Amino acid sequence: MFRLAVVPLLALALACSDGSVVQPDDASPLLARGAGPVVEMVTGSGHFVPNVGVNAGLWRTFSMTARKYADGSVSGTYNRVAHLEEGGVAKGHGTVMCFTIVGNKTWIGGMDPDANPPDVAWQVVDNGEGVGADPDQAGLQIGAADFGFPAGFAQDFCDEQPEELDFGPPFGVTPLWVILFDVEGGNIQIKN
């Protein structure tokens, strides 16, 4: 009898105001299936305006969710939209395959199904909450295909947590803080 009462309550709790229903995996880390409880999580969304790189000065939006489970497995997705100088947008989306949290910074590796090799990586920084906190930061996404990094680059990025990368000519070795930008109209949360 108790189980029958819980199912409708769970369905009601997961229903959105627009009538859609959030799937359990997206609703709560406690409802993860088969991998044990969530032990670390990185989430965020917002926009930022880079002052370096391709399409500098034009805003980009992002969203991401990444979960690490007790068994070490990782799940998650990301979406990115970059506004282009010639007009229009470039969209990217894919899966998160790894992440490493050190303090308030996270190195994230993912797979872009439209790239070869598909590896992508970026950093995020959670600077806390509230009026007195510095803005959170999101990094430009680094595509292995764009800079000649080999397949496996995303996992190496998570494992090694580099503070700089050699992007080749004309950029050379560049500290990653150069491609971290303040998040506007959004938030990043790191939970471990």
Side-chain angles (χ1 to χ4, degrees), residues 6 9-18 20-48 60-81 91-113 118-144 152-163 176-177 179-192:
V6 171
L9 288 175
L10 181 59
L12 180 62
L14 298 177
C16 297
S17 62
D18 66 359
S20 63
V21 176
V22 177
Q23 296 301 315
D25 190 45
D26 295 332
S28 169
L30 300 176
L31 298 174
R33 292 179 235 152
V38 173
V39 295
E40 293 181 330
M41 185 171 14
V42 181
T43 60
S45 65
H47 66 273
F48 62 92
R60 300 179 185 212
T61 61
F62 71 95
S63 65
M64 64 180 172
T65 300
R67 296 178 183 98
K68 189 174 291 179
Y69 300 94
D71 70 353
S73 63
V74 171
S75 70
T77 59
Y78 70 88
N79 288 287
R80 296 233 172 187
V81 177
K91 296 180 180 182
H93 69 279
T95 58
V96 173
M97 60 168 290
C98 64
F99 65 92
T100 301
I101 298 170
V102 177
N104 68 333
K105 187 185 291 186
T106 303
W107 288 256
I108 303 170
M111 292 291 143
D112 176 348
D119 299 64
V120 295
W122 67 96
Q123 286 183 312
V124 294
V125 178
D126 179 355
N127 283 318
E129 307 296 321
V131 177
D134 289 335
D136 294 335
Q137 295 181 304
L140 292 176
Q141 193 172 71
I142 305 160
F153 163 71
Q155 186 66 55
D156 290 344
F157 189 81
C158 293
D159 292 345
E160 297 170 11
Q161 302 101 51
E163 292 295 340
L176 294 183
W177 64 263
I179 59 173
L180 274 174
F181 301 96
D182 290 351
V183 173
E184 303 172 37
N187 187 30
I188 293 169
Q189 292 194 338
I190 297 172
K191 298 180 180 181
N192 57 349

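Model, not experiment: these values are computed from the prediction.
For Glu163, the salt bridge (charged side-chain N to carboxylate O under 4.0 Å, His left out) partners at least two apart in sequence or on another chain are Lys105. Shown here are the side chain to side chain contact (heavy atoms under 4.5 Å, CB included) partners of Ser73, two or more places apart in sequence or in another chain: Ala35, Tyr69, Asp71. Qualifying side chain to side chain contact (heavy atoms under 4.5 Å, CB included) partners for Ala144, counting only residues two or more places apart in sequence or in other chains: Pro117, Asp119, Phe149, Phe153. Take Thr65 and apply the side chain to side chain contact (heavy atoms under 4.5 Å, CB included) test, not counting sequence neighbours, and it matches Thr43, Arg67.
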I'd like a table of donor-acceptor pairs (distance under 3.5 Å, sequence neighbours excluded) in which one partner is a side-chain atom from residues 134-143, with atom names and distances.
{"unit_1": "Asp136", "atom_1": "OD1", "unit_2": "Asn127", "atom_2": "N", "d": "2.6"}
{"unit_1": "Asp136", "atom_1": "OD2", "unit_2": "Ile188", "atom_2": "N", "d": "2.8"}
{"unit_1": "Gln137", "atom_1": "NE2", "unit_2": "Asp182", "atom_2": "OD1", "d": "3.4"}

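Phe99 CZ to Met41 CE: the interatomic distance, rounded to the nearest 0.5 Å, is 8.5 Å. Here Thr106 contributes atom OG1 and Gln161 contributes atom CD; the two are 10.0 Å apart, rounded to the nearest 0.5 Å.
Closest of all the heavy-atom pairs between Gly94 and Pro113 is CA-CD, 4.1 Å. Across all their heavy atoms, Asn79 and His93 have their closest contact at OD1-CB, 3.1 Å. Scanning both residues, Ile108 and Phe157, for their nearest heavy atoms gives O-CD2, 3.7 Å. The two atoms that bring Met64 and Val42 nearest to each other are CE-CG1, 3.9 Å, heavy atoms only. Met111 and Tyr78 get closest at one heavy-atom pair: O-OH, 3.5 Å. Ala154 and Gly110 make their closest contact through CB-O, 3.7 Å (heavy atoms, listed as atom of the first residue, atom of the second, distance).
Side-chain atoms of Thr100 come within 3.5 Å of backbone atoms of Cys158 as a donor-acceptor pair (strictly under, hydrogens ignored). A side-chain donor-acceptor contact under 3.5 Å links Trp107 to the backbone of Pro162.
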Problem set entry | Check against side-chain contact (heavy atoms from CB on, under 4.5 Å), Asn187 and Glu129 | CA-CA 9 Å; Asn187 187 30; Glu129 307 296 321; 3.5 Å; yes
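The aromatic rings of Phe62 and Phe48 sit tilted relative to each other, their planes meeting at an angle between 30° and 60°.
Here ring pair (Phe, Tyr, Trp, His ring centres under 6.0 Å) pairs that include residues 123-143, with residues two or more places apart or in two chains, number zero.
Within the 4.5 Å cutoff, side-chain heavy atoms of Gln155 are placed close to those of Met97.
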